[in-house]
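Atom set for the values below is all heavy atoms of this structure, side chains included, hydrogens, waters and symmetry mates excluded. So that the names make sense, note that chain A is the first sequence line, chain B the second, and so on, each numbered from 1. Worth saying up front: this structure is predicted, and the values here are computed from it rather than measured.
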Protein chains: 2
Amino acid sequence: MKDTPFVAIDCIIFGFDQKEESLKILLLKHVLQSGETTWSLVSGFLNIDESIDDAANRVLHSLTGLTEIYLEQLHASGAIHYGPEPRTIAISYYALINQNAGILDDKYSAHWIKLSEKPKLIFDHDEMVSRAIKRLQRRALTQPIGFKLLPTKFTMRQLIKLYEEIIGEPLDKRNFTKKVISLGLLKRLTEKEKNSSRKGSFLYKFNAEKFNKGVEKGMTLHTT
Amino acid sequence: MKDTPFVAIDCIIFGFDQKEESLKILLLKHVLQSGETTWSLVSGFLNIDESIDDAANRVLHSLTGLTEIYLEQLHASGAIHYGPEPRTIAISYYALINQNAGILDDKYSAHWIKLSEKPKLIFDHDEMVSRAIKRLQRRALTQPIGFKLLPTKFTMRQLIKLYEEIIGEPLDKRNFTKKVISLGLLKRLTEKEKNSSRKGSFLYKFNAEKFNKGVEKGMTLHTT
DNA sequence: TCAAAAGTGTTCACCGTACACCCATGG
DNA sequence: CCATGGGTGTACGGTGAACACTTTTGA
């Protein structure tokens, strides 16, 4: 028996589907020789000559083609009698993608799945996902992290819908708008987006300077 | 070269010295053959046949004799070119000890060191400590976790001093007392502790039921 | 009698929350 | 002209924060 375990890297990748206005995660579909189908997180193994953060980036890039991703370590799990043999410990990361979660499917055999429609995953990946959701919820309420899931220009409606998806509760439009504006995190552009409504709605960008300060101060959001 | 890394477990163990009213961590002193002295966290290696949580408990117990400890995983670190060869990744845990941080020194060759007097530690243990302090500070402001550092019966003064040590700022006695009482986390006993003052001060215990609810609701503390 | 710690209330300012109507425009 | 989504302000209550004096009793 080996005396050191394998180290797996598992990534919970969140994306916001702007069309469906829903939060999704990127999953890999495996078709076994038996014909059975299983699902897993985007995963790989740590190489002996790379740091674990590098490994997470490599895994993410090689399976999705994505780069410059917000990535944060979540947890190391290493129960016995659960998961693959030989002995493996798993380090999970969660990632936020600021691109429309509807593209890049076929090329990489990864699929964007609505959180509410998530199939059962292998090993302890389900537990990792629920841990990632909790982390995302906590972060969203204390840091302006949700912005990392949106494209450069976005409407206030998209921002609200995104936060509603994350925390799983409806938000008050006026209070939310007031809050994010008063935090100074946003720049309203003069452009309007005209597809979604007859009136058209303003586009916003992030105010990058204030953004970083805001992370420290925290960002409390109104619910209901 | 091996293709899987060693997995180290490093524990940041916090204790509250009631005599000195200061927060301390438990460190191991190593005297090298050269006569040089180095310091490290309480550490060990993951065995192939135990979970990582079990490993943390084992390491903690074998080096301190302590059991039934509050333990929480912090982070996995695994940079290359830093730390021991052969390749090792380290999983850090932080622990809170509810016993007076002045005992059990000699028996286990571990030393309680004031945070302000912490020597430089080996590898990336300093980084782990600062991460642990941050975590403890955050937890202390949102969960009644600080109670885990006190004995069963304690005075309000001790509780305040502990929180002041944790967050590194003075607290308003009246506001703090009001807050913790209103949260219902405490039971005031009829006993008084008579050593610290002529008047004597009431002893408190935790209200275990409300304690767990309080964890969910959060506990905000007054500063200044 | 005095020193040293314990105990206790009030006021103010801010912010989170609830809540509803008019605007612009493409069809 | 009307349906659809966009945009905006006010009033109330709760809570965090500031702040000082009296009590007790061992030495």
Side-chain angles (χ1 to χ4, degrees), chain A residues 18-21 140-144 150 153-164 167 169-205 214 217-224, chain B residues 18-21 137 140-144 150 153-164 167-205 214 217-224:
Chain A
Q18 294 162 227
K19 195 149 212 164
E20 298 185 21
E21 293 182 332
L141 291 173
T142 55
Q143 298 178 4
L150 289 174
K153 298 176 184 180
F154 54 90
T155 65
M156 188 59 74
R157 176 195 176 89
Q158 287 178 309
L159 185 60
I160 295 177
K161 290 289 179 187
L162 169 60
Y163 271 85
E164 288 181 337
I167 65 178
E169 284 178 32
L171 290 167
D172 183 281
K173 185 174 51 157
R174 277 176 290 187
N175 290 336
F176 184 91
T177 305
K178 206 189 310 167
K179 181 71 181 186
V180 291
I181 299 273
S182 75
L183 286 173
L185 296 170
L186 298 183
K187 265 187 199 156
R188 185 157 88 171
L189 306 180
T190 47
E191 299 172 68
K192 283 202 164 192
E193 190 275 337
K194 307 280 287 181
N195 299 324
S196 61
S197 72
R198 314 205 189 280
K199 188 179 178 181
S201 56
F202 284 107
L203 288 167
Y204 291 84
K205 278 174 67 179
K217 282 192 307 179
M219 161 173 178
T220 314
L221 290 174
H222 310 257
T223 54
T224 308
Chain B
Q18 294 164 228
K19 196 149 212 164
E20 298 184 21
E21 294 183 332
Q137 288 174 339
L141 291 172
T142 55
Q143 297 179 5
L150 288 174
K153 297 176 183 180
F154 54 90
T155 65
M156 188 59 75
R157 176 195 176 87
Q158 288 177 309
L159 185 60
I160 295 177
K161 289 290 178 188
L162 169 60
Y163 271 85
E164 286 181 338
I167 65 178
E169 284 178 30
L171 290 167
D172 183 281
K173 185 173 53 156
R174 277 176 289 187
N175 289 337
F176 184 91
T177 306
K178 206 190 310 168
K179 181 71 181 185
V180 291
I181 299 273
S182 76
L183 286 173
L185 295 170
L186 298 182
K187 265 187 200 156
R188 184 156 90 172
L189 306 179
T190 48
E191 298 172 69
K192 282 201 165 193
E193 191 273 338
K194 305 282 285 185
N195 300 323
S196 62
S197 73
R198 314 205 189 279
K199 188 178 177 180
S201 57
F202 284 107
L203 288 167
Y204 290 84
K205 279 174 66 179
K217 282 191 307 179
M219 160 174 178
T220 314
L221 291 174
H222 310 259
T223 55
T224 307

Item to check | Integer-rounded Å distance: dA18(C) C1' and Phe176(A) CZ | outcome: 17 Å
Item to check | Interatomic distance, Leu171(B) CG vs dC19(D) C1' [rounded to whole Å] | outcome: 16 Å
Checklist entry - With a non-hydrogen cut-off below 4.0 angstrom, is Ser196(B) in contact with a base, only sugar-phosphate, or nothing? => result sugar-phosphate
Checklist entry - Starting at NZ of Lys192(B) and ending at P of dG26(D), how long is that distance when rounded to a whole Å? => result 11 Å
Next on the checklist: Looking at dA20(D), I'd like to know if its phosphate oxygens (OP1 or OP2) sit under 4.0 Å from a side-chain N or O belonging to Arg174(B).
Outcome noted: no
Next on the checklist: For Gly200(A) versus Ser197(A), what's the shortest heavy-atom pair and its separation?
Outcome noted: N-OG, 3.0 Å
Interface polar pairs with nucleotides 10-12 of chain C, N/O, under 3.5 angstrom:
unit_1	atom_1	unit_2	atom_2	d
dT10(C)	O4	Lys178(B)	NZ	2.8

Item to check | Given DNA chain C, 5'-ward residue of the pair Tyr204(B) and Arg198(B), judged by closest heavy atom | outcome: Arg198(B)
Checklist entry - For the side chain of Glu21(B) and the backbone of Gln18(B), is there at least one donor-acceptor N/O pair under 3.5 Å apart? => result no
Next on the checklist: I need the CZ-P distance between Phe202(A) and dT25(C), as an integer number of Å.
Outcome noted: 11 Å
Checklist entry - Any side-chain heavy-atom pair from Thr155(B) and Lys192(B) closer than 4.5 angstrom? => result no
Checklist entry - Any side-chain N or O of Arg157(B) less than 4.0 Å from the OP1 or OP2 oxygen of dA6(C)? => result yes
Checklist entry - For Thr177(B), which contact category applies under a 4.0 Å heavy-atom criterion: base, sugar-phosphate, or nothing? => result nothing
Next on the checklist: Rounded to whole Å, how long is the line connecting atom CD1 of Ile167(A) with atom P of dG16(C)?
Outcome noted: 14 Å
Next on the checklist: Taking side chain to side chain contact (heavy atoms under 4.5 Å, CB included) as the criterion, tell me which of Lys187(B), Gln158(B), Lys205(B) meets it with Lys153(B).
Outcome noted: Lys205(B)
Checklist entry - Taking atom C1' of dT25(D) as reference, at what distance in whole Å does atom CG of Asn195(B) sit? => result 14 Å
Next on the checklist: Nearest to the side chain of Ser197(B), heavy atoms from C-beta on, is which of dT25(C), dA20(D), dA5(C)?
Outcome noted: dA5(C)
Checklist entry - Taking for each residue the nucleotide of DNA chain C with the nearest heavy atom, is it Lys199(A) or Gly200(B) whose nucleotide lies nearer the 5' end? => result Gly200(B)
Checklist entry - Shortest non-hydrogen contact from Lys173(A) to Thr177(A)? => result O-OG1, 2.7 Å
Checklist entry - Reckon Lys173(B) has a side-chain N or O less than 4.0 Å from the OP1 or OP2 of dA6(C)? => result no
Checklist entry - How close or far is atom C1' of dG16(D) from atom CD of Glu169(B), stated in whole angstroms? => result 14 Å
Item to check | Distance, rounded to the nearest Å, where Leu203(B) contributes CG and dG7(C) contributes C1' | outcome: 15 Å
Checklist entry - Between Ile181(A) and Tyr204(A), which heavy-atom pair has the shortest distance, and what is it? => result CD1-CE2, 4.1 Å
Next on the checklist: Any side-chain to backbone donor/acceptor pair from Glu164(A) onto Leu171(A)? Under 3.5 Å, distance only.
Outcome noted: yes
